[in-house]
Every structure is written in C-alpha cells, then in structure tokens.
Amino acid sequence: MSEGDRLSELAKRRGFFNQTAAAYGGVAGFYTYGPQGAALKDNIEAAWRDRYVTREGHMEIDAPTVLPEPVFEASGHVETFTDMLVECVECGESHRADHLVEDHPESTVEDAEALPNEEVGELIADHDIDCPACGTPLAEEPVEDFNLMFETNIGPGSSSPGYLRPETAQGIFVDFPQWAEYARNQLPFGVAQIGKAYRNEISPRKSIIRVREFSQAELEHFVDPDDEPPLERVEDVEIPLYSVAQQQGEGSVKEMTVREAVDEGVVDSPWLAYYLGISKEWYERIGVDMDRFRYRQHLAGELSHYASECWDAESELGGDWVELTGFATRGTYDLDKHAEYTGEDFSVFQQYDEPVTVERPTVDPEMSYLGPEFGNAAADIVAELEALAERDPDAFDAEAVTVELDGETYEIPTEKTGFAVEEVTESGEHVTPHIIEPSFGVGRLIYTALAHSYREDEIDGDQRTRLALPPEVAPTTVGVFPLMDKDGLGERARKLASELRAAGLEVTYDDSGAIGRRYRRQDEVGTPFCVTVDYDTLEAETVTVRERDSTDQVRVPIAELPATLSGLRDGDITFDDI
RNA sequence: GCGCGGAUGGUCUAGUGGUAGGACAUGAGCUUCCCAAGCUCAUAGCCCGGGUUCAAUUCCCGGUCCGCGCACCA
C-alpha cells in the first residue's frame, strides 16, 4: 500500500476525514472531517491564528462566502478564471478548445488560451478540426468559457447573480476602506481570514489535496512601498530555497538564512522573505517534516496576472511536491481594480513626517478670451494646458504656448493662460498599499501533518502505527485509563478524566480491553500522553504518565497533573523534565 | 475532460451464474496488576441503473465514485 492509501485508510477508520455522502454514491471533491480531523483542523487553525494574527498584531475578519457578480468582474475572476470549452453537438462531449488548436499538427499556436474565444473558434474551422471522440466537424460550434467558480443567485430570480468565492482574499479586499478606517489609516496593517473557498475543479484528485470546497487561511498584509519588515526577527532562520535559477540550473535546493536571501537578491521582496522565515518555523511547529519541505519560486510563466514575485511552500507527499502556501506580492492590483469598478477610494492618506512645500505650476486660463477665440475646442484646450503645465512648465516661458488637439494646432498667448508657479504645502499623500499575501491551504496542512507524522515501528516485537503529531495540534492531548475496570479503579479514573477536562485539556477516556490495546489506539490517532490509574493511585494519589513516541512512563502526583499536562501540550516543558 | 485500472461488512481482502468466507476492528462476557495475549458470543458486506438469463454480487452496457497517467491548478 502506498503512503496515500495507508493514510486514507487510517483517516477513514479513525475519523480524520472521509468522502462526503458516500451513501448517496459520493460526490467528487468533497470531504467531511470526522471528530479527529475536525479537532486537528481546529488546532492547526488556532496555531495559525496565534502566529499570523495574534503575534503579528494583525486583525482577523469573517466575510461571506457568497459575493455578487460585480466583485468578481472587478477581480478578473469572471473573465479569466475559466477554461475554453467546445461542445460536440453529435456526441455531447466537451473538449478544451485551446488544446484542440494547440495539438493540431498544422497549428503553430502555442498559447491558444491567451486568444479570444472567437479566434480560437476560427482556428478550429480553419484547420477543420473534428471531435476527438466521434469525428464530427467542430467548425460550426461556438467556443465557450467554463468558469471554475460556482454560480448562484442572490434572492429569487436571476437578476442578481453571485459566486461562491474562489479565494477568501476578495472578501478582505472589497471592504478595504472599512479595514483602513479601523486601522486609523496607519500602514502597514494586516487583515486575516480563515474560511471556506470554492472551485468547481474539472478533476479533483488525491484525497483532500484537491477538493472543490476547502479552507484557506489567508493574510493580506497592506504595506506602504517604503515600509520595511522587521527582518531582524528572523534573519538567522535557515530556509530551503528552490529559486528560478536553481530550477533552471542545478535543480537543487539551497539553504540560506533569510538575511542572505535578501542580501543576495534571491528573494526580491524583503516582506516575502520575512514571511518565509516565520513560516518555516511555524510549519515545523505543526509537524511538517523539514526534510520533506522547500520553498519553490514561481517561474515567469506560472506567475498570476497580479503577482510580480511568488514563492510556494511545498511539502513532499508520496513522491510529489504539493503546494501548502503561496507567498505572493499582489501589488496594488486588487485595490486598483475595486477602486476602478466602484469609484470608491481604496487608498490610504499617509501623512509625511513633516509637511513639504512644493512648487506647483498651475494655469488659470482667461475664458473670456479662449471661449470666443476657440469655440468648442476651448474646454479641451484648457485640459491640455493643465496637463502641459504639469508635464512641461518651461513651455510657458515663451510668448505663446502651443497645444495640439486632434491634429489641430492652437497657439495661445501665455498671458491668457494665467500660468503661475504656486507654493503648495502638502502634509501627505494618498497611497494605494501594496499587498503581501501568504495564502495557506488548511486541508493540505492537515494532510501533510498526518503524512509526515505517520510512523510504523515495533514495541517488544509487536508492530504499531502511530502519529507523531506535536502535542499542540494533536486532536486529543491525553488518554485516561483505569488499569482495569474494577476495584474502584474505573470510578477513580473517570473522576480524573473529568477533572482534567475541567482544567481545559482534551481528554479521551477508555476502559475497554487490555491496557496495551488502549495505548495503541491512542498512538494511532496521535494522542501524545496517556495517564493510567492503578492500585497505587488509590493509595498514594499518583498515576503513570506514558509518552507516545518513547513509550516511557513516569509517576506523577495527581495534584500536579493538570499543570504538567498543560505544560507538555504548550511546549513549556518536555517529558524529560518531569 | 481523455486514456488505463478498480469498487465485496467499519478496515483489509477471498470467492461465486443458484445471495458470500476469512483476518483485523467493534460490542457483551470471562480472564488479565502497564503496551495490539487468550476463550465464548454478537453486530456487520457484494456501488447505482439498465440488459442477457429461470436465476446476476459474478456476464454485457451506461452511470457514480476511487486510483494512476495526460490536461487543469487563477
């Protein structure tokens, strides 16, 4: 069995995740997290929130999953988040129109997706391309877009179309003016969101790695282009970089510190470097194996339309590299687009440290002259004069100013333009923030944490399966067992379990079968610690605490147990400290 | 979406034109003083639809889902 098969089997059997609605035949690309999986997901999201929101001082919001169509017209998703399809009338098969054209032997087109649909349709006709399935000519068939967004209607009727968001980010961008106001217009600030996103994938694959509904944890960090990240906090962190140069050259990953990566220009944006640094430590914290991890830079052709630089955090799963996180510089693209489509202000007024006085050339044309002289053209001439004053104030040194409009040349006496150079005091400027975006796929983090912590080893000659999950993210922190369910041990153990729950610990109680079987059960779901109530407990109020990975045991007084276990979970102490 | 392969209790599987057997797991009980022991009993299964047939879990067709390769992955 492959790694993926073993993991899927364990996931289903132990309640991490399973295919949704299997009783109805299942539906591709949808998975349900069971009790263990939901708990693991909660813990990973909490660790993310702790690192990327709380400790960075960012804010977290929660936007709707449905947004009206105009939002995605602005973001470009309606237009570009599509595949080109052509449908055969004869057999009903749909084909990728751009690929039919590219694959045709006589075709010289290499990137048909970049062409308009009509043009691709013409190419299909020109080359007499037939349906690959049944051979019917496709020349007459229209080339249509298949949009990967799920479409819906807001309210009754179809007058108000909407889409399920394909990324949580747009929910942050559309209300940017609100967040800027909340941040008292002080850049930089970050807005984070953990939530569901939806993509109607043509072909969902590989368990929960590619699904149609998934959780994202996204941070949109809005920065002034002049802002610098606090690089010193992570400058010594070693990060495995697989740059474009390395991908096209030796093909090997290069370890370097965050500082080196910036100084040597391997990572262009210091902000991205900063997030690569803190994220490497975070991945380790939730159980990603650093020997199966790398940061890979996007090649030029991979970059999305809005990004100038992008690095993916990738984990190795069953021999494949899978994207966990995209770290992208989105520039001002999204805010510009939403500003353009709404007419609202998506910028921030940045006050200078000190007001600056600048000389600004202005014009104040004498309309009583221009009007009669130039008639209909007068208004356009004024606009041109204003532009000229800003562009080339020296032009006003002469006796007359010449402007060209629609091929006509007009000469205006300089004295009629009201040209002057004014001293203006500016206290700041409007800045459209640049966006630094780390975008995490939660399901892939969960899958990686499981795959990378999966172990098969031997205890006293017996094989066991365990998940070496970090205690912080393990679904259950402690299993509580009576050594046997008699002589009052069960009662004492049940009481202890509820005491530990009251102390805020995630506890499982189990009294079935032999003690070893119960340990193995907890090993298999990654429970890091098990507490056993035995006969000595009744005498001395102590229990044994058993550690998952080493199977070592120590005796601990019950009175100290809540603090000890909390400390172990939170990483304040290690098992050896007890 | 294309091609290839697959689908039998919760899991892993055997097998069959006459409705299915095992292992593990699970539950009850016995046993058991710290790592999947043993014994007894119990629960539980042929993906869906159509066709062929007296009879289909089995053969054929279609679908759904899963895996792999291709494509896709803003």
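Since the structure is predicted, the reported quantities are computational estimates derived from the model, not experimental observations. Computation of the quantities below employed the complete heavy-atom set of this structure, encompassing side-chain atoms and omitting hydrogens, waters and symmetry-equivalent molecules. In what follows, chains carry the letters A, B, and so on, assigned in the order in which the sequence lines appear, proteins first and then strands, with residues in each chain numbered from 1.
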Whole-angstrom distance between U13(B) and C61(B), as gauged at atom C1': 28 Å
Phe481(A) and Tyr509(A) aromatic centres sub-6.0 Å: no
side-chain contact (heavy atoms from CB on, under 4.5 Å) involving Glu79(A) - partner list, sequence neighbours excluded: none
Whole angstrom value for the distance that separates C1' of C73(B) from NE2 of His77(A): 12 Å
Pairing residues for Asp536(A) by the side-chain hydrogen bond (donor to acceptor under 3.5 Å, both in side chains) criterion, not counting sequence neighbours: none
Integer angstrom distance from the C1' of C65(B) to that of A25(B): 25 Å
Pairs satisfying side-chain hydrogen bond (donor to acceptor under 3.5 Å, both in side chains), at least one member in residues 22-33 of chain A, at least two apart: Thr20(A)-Thr32(A)
side-chain hydrogen bond (donor to acceptor under 3.5 Å, both in side chains) partners for Trp271(A), two or more places apart: none
List, with names and distances, any nitrogen or oxygen atoms from the protein found under 3.5 Å away from nitrogen or oxygen atoms belonging to nucleotides 28-30 of chain B.
none

Thr448(A) versus Ser315(A), side-chain donor and acceptor atoms under 3.5 Å: yes
Aromatic plane relationship, His338(A) with Phe173(A) - under 30° parallel, 30 to 60° tilted, over 60° perpendicular: tilted
Protein-nucleotide distance (Leu10(A), atom CG; A25(B), atom P), rounded to Å: 15 Å
Side-chain H-bond candidate by donor/acceptor type, Arg569(A) with Thr477(A), under 3.5 Å: no
Gap between atoms NZ and P, on Lys12(A) and G45(B) respectively (whole Å): 15 Å
Intra- and interstrand pairs of RNA chain B - dot-bracket, Watson-Crick/G-U under 3.5 Å, | marks other strand: (((((((..((((....[..)))).(((((.......)))))....(((((..]....))))))))))))....
Steps toward side-chain hydrogen bond (donor to acceptor under 3.5 Å, both in side chains) verdict (Tyr295(A), Ser243(A)): CA-CA 8 Å; Tyr295(A) 287 120; Ser243(A) 64; over 6 Å; no
Euclidean distance for C1', U43(B) against C47(B) (whole angstrom): 22 Å
Nucleic acid footprint by protein, nucleotides 63-69 of chain B - heavy-atom cut-off 4.0 Å, B for base, S for sugar-phosphate alone: -SSSSBB
Nearest-Å distance for atom pair CZ/P, residues Arg13(A) and G9(B): 15 Å
Between C1' of C73(B) and CH2 of Trp321(A), the distance in whole Å: 19 Å
Residue pairs passing the salt bridge (Lys or Arg N to Asp or Glu O under 4.0 Å) test where at least one lies in residues 19-41 of chain A, sequence neighbours excluded: Lys41(A)-Glu45(A)
Between G1(B) (P) and Leu148(A) (CG): distance, integer Å: 13 Å
Near-ring test Tyr163(A)/Tyr198(A), centroid separation under 6.0 angstrom: no
Whole-Å P distance, G62(B) and G5(B): 13 Å
Residues that Ser8(A) engages under side-chain hydrogen bond (donor to acceptor under 3.5 Å, both in side chains), provided they are two or more places apart: none
Assigned glycosidic conformation for U19(B) [threshold 90° from 0]: syn
P spacing across the pair U11(B) / G45(B), given as an integer number of angstrom: 12 Å
Rounded distance in Å between the C1' positions of C24(B) and G67(B): 23 Å
Ser439(A) and Glu218(A): side chain donor to acceptor below 3.5 Å: yes
Salt bridge (Lys or Arg N to Asp or Glu O under 4.0 Å) contacts touching residues 437-455 of chain A (sequence neighbours left out): Arg330(A)-Glu437(A)
Distance, rounded to the nearest Å, where Leu7(A) contributes CG and C12(B) contributes P: 13 Å
Between C73(B) (C1') and Arg210(A) (CZ): distance, integer Å: 5 Å
Sequence-aligned protein contact record of nucleotides 33-44 of chain B, with B where the base is within under 4.0 Å of a protein heavy atom and S where only the sugar-phosphate is: BBBBS-------
Interatomic distance at P, C59(B) relative to A14(B), whole Å: 15 Å
Residue list, salt bridge (charged side-chain N to carboxylate O under 4.0 Å, His left out) with Arg521(A), at least two apart or on another chain: Asp510(A)
Separation of the P atoms in A20(B) and U31(B), to the nearest angstrom: 37 Å
